[in-house]
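All values below come from the heavy atoms of this structure, side chains included, with hydrogens, waters and symmetry mates left out.
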Amino acid sequence: MPENSEHSEHLEPARPLEPRQPVRPDVRSLDARSLRGLAHPLRMRLLATLRQDGPATASRLAERLGESSGATSYHLRQLAAHGFVEDAPERGKGRERWWRAAHEGTRFDETLVDDGDETTRAAADVFLRQIAATHAQEVDTWLATSHTWSPQWRTGSDFSDFTLRLTAAQTDELVHKLHDVINGYRDVPAEEGTETVRFHTHALPRRTRELPGGADHRNADHCSADHRNAERAGAE
């Protein structure tokens, strides 16, 4: 949460974080065919649920996602046909089929947005918009339920934004560095109090606009939107 959280003053200072080597997750790179097989809101929700919560059956996933078991069963088979999910034989001891994610993540190729095939371009749009919708839903869920979490978790959560002046290459470099930092915590041993934590990273260029009188709107943004981040950095 922002630094002015009412609970911050009651917490023990955080232990310094040791530098960690990034652990490369097993990631599936999308091509045009696999993108078209994945780019469906329910398929993406099914895959995300299996990745985050572990193996499940079609009926369990249907109950969790508020869908019919017929729909989840069909879309799981489609995901399997494109190599995104597979059988989980260690769990399949009854009549019902158990599924697990075949990879830890998905890598999107930006060139698919400009693919020569209209169907592929449409699939790319569905894929990216579903990711944005999922991120917004996860934030909304946190805001609705944060009061049920401990003061430590409410302070440990974060809503921050920054405005920088960078080239496309510098932005790409920074994003990869952020990913490396996050991936460095993939193999941290579980201990008491460990929970699943979702991180979102967004890096979005924006057009610079001028305010009336020639003032640079970029500078106005910097003062208003980033002020709390400067306070966070100083306090930490």
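- Interatomic distance, Asp87 CG to Leu76 CG, rounded to the nearest 0.5 Å: 10.5 Å.
- Looking only at distances, no side-chain donor or acceptor of Arg198 sits under 3.5 Å from a matching main-chain atom of Glu138.
- Contact detail for Met44 and Ala39: the closest heavy-atom pair is SD-CA, 4.4 Å.
- Here CG of Leu46 is found 8.0 Å from NE2 of His75. Values are rounded to the nearest 0.5 Å.
- In terms of hydrophobic clustering, with Ile, Leu, Val, Met, Phe, Trp and Tyr side chains grouped at heavy-atom distances under 4.5 Å, Val27 and Phe199 are assigned to different clusters.
- For CD of Glu195, the number of neighbouring non-hydrogen atoms (other residues, nucleotides, ligands) closer than 6.0 Å is greater than 12.
- Taking CZ from Arg165 and OG1 from Thr171, the interatomic distance works out to 10.5 Å, rounded to the nearest 0.5 Å.
- By the rule that hydrophobic residues join a cluster once side-chain heavy atoms approach within less than 4.5 Å of another member, Leu42 and Leu47 end up as members of one cluster.
- Judged by distance alone, with hydrogens and angles left aside, the side-chain atoms of Asp109 form a donor-acceptor pair with the main-chain N or O of Thr111 at under 3.5 Å.
- A donor-acceptor pair under 3.5 Å is absent between the side-chain atoms of Arg43 and the main chain of Leu79, judged by distance alone.
- Using a cutoff of 4.0 Å between basic side-chain nitrogens and carboxylate oxygens, Arg60 and Glu96 are not scored as salt-bridged.
- Across every non-hydrogen atom of Leu61 and Ala56, the tightest pair is CG-CB, 3.8 Å.
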message: Could you walk me through whether Arg24 and Asp180 satisfy the salt bridge (Lys or Arg N to Asp or Glu O under 4.0 Å) test, starting with their C-alpha distance in whole Å, then the side-chain angles of each, then the deciding distance to 0.1 Å, before giving a yes or no?
response: CA-CA 9 Å; Arg24 302 300 178 191; Asp180 283 345; 2.7 Å; yes

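- Checking side-chain atoms of Ser34 against main-chain N and O of Leu30 turns up no donor-acceptor pair under 3.5 Å.
- Checked by atom type and distance alone, the side chain of Ser69 never pairs as donor or acceptor with a backbone atom of Ser59 at under 3.5 Å.
- One N or O on the side chain of Arg154 and one on the backbone of Trp149 form a donor-acceptor pair closer than 3.5 Å.
- Nearest heavy-atom pair, Arg33 versus Ala81, reported as atom, atom and distance to 0.1 Å: NH2-O, 4.4 Å.
- The number of heavy atoms from other shown groups lying within 6.0 Å of CD (Gln170) is above 12.
- Here the CG atom belonging to Asp114 is positioned 12.0 Å from the OG1 atom belonging to Thr120, to the nearest 0.5 angstrom.
- Separation of atoms CH2 (Trp99) and CG (Leu50) is listed at 9.5 Å; rounding is to 0.5 Å.
- In this structure, Val197 is not a member of the same hydrophobic cluster as Val23, with clusters built from ILVMFWY side-chain heavy atoms closer than 4.5 Å.
- Salt bridge status for Glu86 with Arg100: present, with a side-chain N to carboxylate O gap under 4.0 Å.
- A donor atom on one side chain and an acceptor atom on the other are found under 3.5 Å apart for Arg77 and Ser73.
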message: Please evaluate residues Thr119 and Arg36 with respect to the criterion side-chain contact (heavy atoms from CB on, under 4.5 Å), reporting the C-alpha separation (whole Å), side-chain torsions for both, the decisive distance (0.1 Å), and the verdict.
response: CA-CA 8 Å; Thr119 305; Arg36 292 193 298 269; 3.6 Å; yes

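- Crowding of Arg64 atom CZ: a count of heavy atoms from other residues, nucleotides or ligands under 6.0 Å exceeding 12.
- Between atom CD1 of residue Ile131 and atom NE2 of residue His200 there is a gap of 10.5 Å, rounded to the nearest 0.5 Å.
- Side-chain atoms of Arg51 come within 3.5 Å of backbone atoms of Gly105 as a donor-acceptor pair (strictly under, hydrogens ignored).
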